[in-house]
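Order of the sequence lines fixes the chain letters, A, B, ..., with proteins taken first and strands second; residue numbering starts at 1 for each chain.
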Amino acid sequence: QKEVEQDPGPLSVPEGAIVSLNCTYSNSAFQYFMWYRQYSRKGPELLMYTYSSGNKEDGRFTAQVDKSSKYISLFIRDSQPSDSATYLCAMSGGQGGSEKLVFGKGTKLTVNP
Amino acid sequence: GAGVSQSPSNKVTEKGKDVELRCDPISGHTALYWYRQSLGQGLEFLIYFQGNSAPDKSGLPSDRFSAERTGGSVSTLTIQRTQQEDSAVYLCASSPNARGTQYFGPGTRLLVL
């Protein structure tokens, strides 16, 4: 079992739809949870950053972390064609050291106009 | 300001040759990470630098892979005797410190024929 599991999709939705992306993980040491967006042939860019459990909202994006279930989610409201990209969840532990990120494999999202 | 830059953007090499990949982090960022992104495996950690030291090399897949960082800035990832399975996108990220947000470069696309 990989440390982080993410459904690769692809996911195709009409413009304006609510998109739900999620990841599960097995390492209970993870404390920092991130969502990155990656456009084709570009490097990942950070969308959302959450520490421990809870919700965080930024514009059309909401990130949720449920540490008891080892489950994280990203919701995109009023999705736009410009949201079409691959979304990567990432997480790291809090024990000091390198804080290397452990990534899911990414979900490819297409928002159709 | 300038982001993380990587060179070359694309590299095609023959099996058995050595390659060097370069990363220029954001100025002042003390932490630097190398990751590899391949179709089957997703994005995987390779090595972490804090300053010029590499306290975490746990992701390097074999002794054919090495990396160095000089002057607390530029880093070079070297792959010796390349194999076809080394074909991937090699991503560099830098961070203000060990637990800060990681900012990614555009990557170097390596193809080993």
| query | Contact part of B:L43 toward chain A, heavy-atom cut-off under 4.5 Å: side chain, backbone, both or neither? | reply |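 Backbone plus side chain of B:L43, per the 4.5 Å heavy-atom cut-off to chain A.
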
inquiry  = For B:S95, which atoms come within 4.5 Å of any heavy atom of chain A: side chain, backbone, both, or neither?
reply    =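 No part of it gets close to chain A.
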
Between NZ of A:K100 and CG of B:L46, what distance do you get to the nearest 0.5 Å?
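A:K100 NZ to B:L46 CG: 10.5 Å, rounded to 0.5 Å.
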
Subject >> Atom pair OH/OG1 of A:Y32 and B:T101 - distance to nearest 0.5 Å >> reply: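 The distance works out to 11.5 Å.
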
Whether the side chain of B:Y35 engages the backbone of A:L101 through a donor-acceptor N/O pair (distance < 3.5 Å, no angle test) should be reported.
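Yes.
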
Without swapping roles, check the side chain of A:E99 against the backbone of B:N97 for a donor-acceptor pair under 3.5 Å.
->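 Here the side-chain-to-backbone pair does not exist.
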
message = Does B:L39, at its CG atom, have more than 12 non-hydrogen atoms belonging to other residues, nucleotides or ligands within less than 6.0 Å?
response =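 Not more than 12 within 6.0 Å, no.
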
**Asked** Got more than 12 heavy atoms from elsewhere within 6.0 Å of NZ, B:K57?
**Response**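 Counting neighbours around NZ of B:K57, 12 or fewer heavy atoms of other residues, nucleotides or ligands fall under 6.0 Å, so no.
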
Hydrophobic clustering (ILVMFWY, side-chain heavy atoms < 4.5 Å, transitive) - are [Y] and [X] grouped together?
X	Y	value
B:L32	B:I79	yes
A:M48	A:L109	yes
B:F65	B:L91	no
B:Y48	B:V4	no
A:Y71	A:L47	no

Give the member of [options] that has the highest number of heavy-atom pairs under 4.5 Å with chain A.
options	result
B:A93, B:P106, B:A31	B:P106
B:R109, B:Q50, B:Q37	B:R109
B:F49, B:Y103, B:F104	B:F104

Interface moiety of A:Q38 toward chain B, non-hydrogen atoms closer than 4.5 Å
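Looking at A:Q38, just its side chain touches chain B.
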
Discussion item. Which one wins on heavy-atom pair count under 4.5 Å against chain B: A:K105, A:R41, A:M34?
Written reply: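 The residue among A:K105, A:R41, A:M34 with the greatest pair count is A:R41.
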
